[in-house]
> 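This is the structure I want to talk about, given as structure tokens.
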There are 2 protein chains.
Amino acid sequence: MATGRSHRPATRSRGIPEATVARLPLYLRALTALSERSVPTVSSEELAAAAGVNSAKLRKDFSYLGSYGTRGVGYDVEYLVYQISRELGLTQDWPVVIVGIGNLGAALANYGGFASRGFRVAALIDADAAMTGKLVAGMPVRHTDELEKIIVENEVSIGVIATPAGAAQQVCDRLVAAGVTSILNFAPTVLSVPDGVDVRKVDLSIELQILAFHEQRKAGEGGAPAEAEGAVGVEGAAAKVTKPATTADSDRAGDDNKGPDGDVPAVMPA
Amino acid sequence: MATGRSHRPATRSRGIPEATVARLPLYLRALTALSERSVPTVSSEELAAAAGVNSAKLRKDFSYLGSYGTRGVGYDVEYLVYQISRELGLTQDWPVVIVGIGNLGAALANYGGFASRGFRVAALIDADAAMTGKLVAGMPVRHTDELEKIIVENEVSIGVIATPAGAAQQVCDRLVAAGVTSILNFAPTVLSVPDGVDVRKVDLSIELQILAFHEQRKAGEGGAPAEAEGAVGVEGAAAKVTKPATTADSDRAGDDNKGPDGDVPAVMPA
DNA sequence: GGCTGTGAACAGTTTCACAGCG
DNA sequence: CGCTGTGAAACTGTTCACAGCC
């Protein structure tokens, strides 16, 4: 499987760490809000609070982009908005296609957050012929048969997959074959793509499961209201709870064993 | 803001790293699929491929849960499904409420991935009186006025916010006041919550922006088809692209900024 | 022989704390 | 003085490589 080639120290494209890239959109949103309120400058402390991170992290992040602040003053809001937008590639237009116009696809089509950034929905595509021509978010749904044509004609390089899991890989293959090199996958499947194609996935149920994990920990613990740090609860979450609470371990596996010698608990949820 | 208390070495509840917790749902899904095909055992290599991670990582992850494998053989599928479910807290029932029944809320309500895990949608709630009583995914939408009552009566501890950004914080406050301690936020806002409440967020446009960043890097590069490693394109993506492409910097900021002080590694293997 | 489990090396990320500039 | 920018320290996460068991 793994093609001969081994590791790779690279990872960084031009010096901007992935973790930083993932936060730039956050900063951008906070800055956009400030910009709309005509706030001229902002300190790392204020901006960090608005973005839900801590200020040291924010300053470090910005330091990878360059020195865009003014000591003793802060950052110029407009200028930073521009710099981050440029860094993210949002100063250009990105045509995207959304494949799979079910509930989720429709939600995505209607989502204002796309258009307001540099994204333009070039087409909505669905395999169901009954959907063809229907208007969703003011656009006619087009049939899967046209997928390749649409991709090529619009020079689409980003595709969003919102189909059922079963159709995802096939759609993915067609998108890639037609020229798409970045895919946002909402279907609960692992997609295989050739080298050079980026895939990011968003899985609704995974997020809930992670919450359940932490929730369970809280419940297992009697008192202690757990703690966190800065007023805001950011993405990563975690780092909460307060105790090992070896409790709940009761049922089994308490020690080491592994083996249901010949049989399994089978208790399973559903 | 920050309440006296400072850091906390903790982070790990009972030894399971956050990164591992975040992957457990992935393994669980792959295992469930194997289970449905009645596959009795699976090796770390196979399971890793199915989950889209590498086998060393998977083995390390599992080692935090205990020794559930058999050397020379692999893992018992059913048993692992059970262990992971238990670890994630999915062997119990988690009633959740979804607030904001727009396109996205409806998509979530219809999403099968919830019910199939331990999640049960206890109620769909919307502020629009015109929605009240309407059936979505077979459930009647209820009005926001009832929010507190619903939470308490159903002992809901997990809430999903799918409202417009403007309403999110207010909804969040009410959820928390009524007893919710875990929130999955789809609204593009940073939520403030008291200590002990977990928030995870899913932001559709952020994911696209991250893709755009990488896409831009690819475009800046002429040839080199970039590389990746094992056939599958996993979540984190990144680590692709092939060149710094200091190019695009042209327009502005060419003057004062200093970035990484000249050096700039530039080029890369290729 | 095959595959798990894991210490140890490595890589990436966050936090600290303070020098340096406006 | 205030606030940015950043080395260095601390930490978290990943990968390697192999001992140990089946």
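None of these values were measured; they are calculated from a predicted model. Every chain is numbered from 1, with letters handed out A, B, ... down the list of sequences.
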> Given atom CG of B:Asp76 and atom C1' of C:dT4, what is their separation to the nearest angstrom?
15 Å
> How many Å lie between CD on B:Gln83 and P on C:dG5, as a whole number?
12 Å
> Checking B:Thr189 now: which residues fulfil side chain to side chain contact (heavy atoms under 4.5 Å, CB included) with it, not counting sequence neighbours?
B:Ala165, B:Ala168, B:Ala187
> Among all residues two or more places apart in sequence or in another chain, which pass the side-chain hydrogen bond (donor to acceptor under 3.5 Å, both in side chains) test with B:Ser157?
none
> Please list, pair by pair, any protein nitrogen or oxygen found under 3.5 Å from a nitrogen or oxygen in nucleotides 18-22 of chain D.
residue : atom : partner : partner atom : Å
D:dG20  : N3   : B:Arg71 : NH1          : 3.3
D:dC22  : O4'  : B:Arg71 : O            : 3.3

> Please pick, from C:dT13, C:dT6, D:dT4, the nucleotide with the shortest atom-to-atom distance to any side-chain atom of A:Ser43.
D:dT4
> Can you measure B:Lys57 atom NZ to C:dT4 atom C1' for me and round it to whole angstrom units?
18 Å
> Counting side-chain heavy atoms from C-beta on, which of D:dG5, D:dT14, C:dT14 comes nearest to A:Tyr75?
D:dG5
> Taking atom P of C:dA17 as reference, at what distance in whole Å does atom CG of A:Asn54 sit?
13 Å
> Measure OH/A:Tyr64 against P/D:dG7 and give the value in whole Å, please.
10 Å
> Between D:dT4 atom C1' and A:Leu47 atom CG, what is the distance in whole Å?
13 Å
> Just to verify, what does B:Ala22 make a side chain to side chain contact (heavy atoms under 4.5 Å, CB included) with, not counting sequence neighbours?
A:Ile210
> With a non-hydrogen cut-off below 4.0 angstrom, is A:Phe62 in contact with a base, only sugar-phosphate, or nothing?
nothing
> What residues, two or more places apart in sequence or in another chain, satisfy side chain to side chain contact (heavy atoms under 4.5 Å, CB included) together with A:Ser55?
A:Ser44, A:Glu45, A:Ala48, A:Arg59
> Find the distance B:Tyr68:OH to C:dT4:P and express it as a whole number of Å.
16 Å
> Can you sort out the partners of B:Gln92 under side-chain hydrogen bond (donor to acceptor under 3.5 Å, both in side chains), two or more places apart, ordered by chain and number?
none
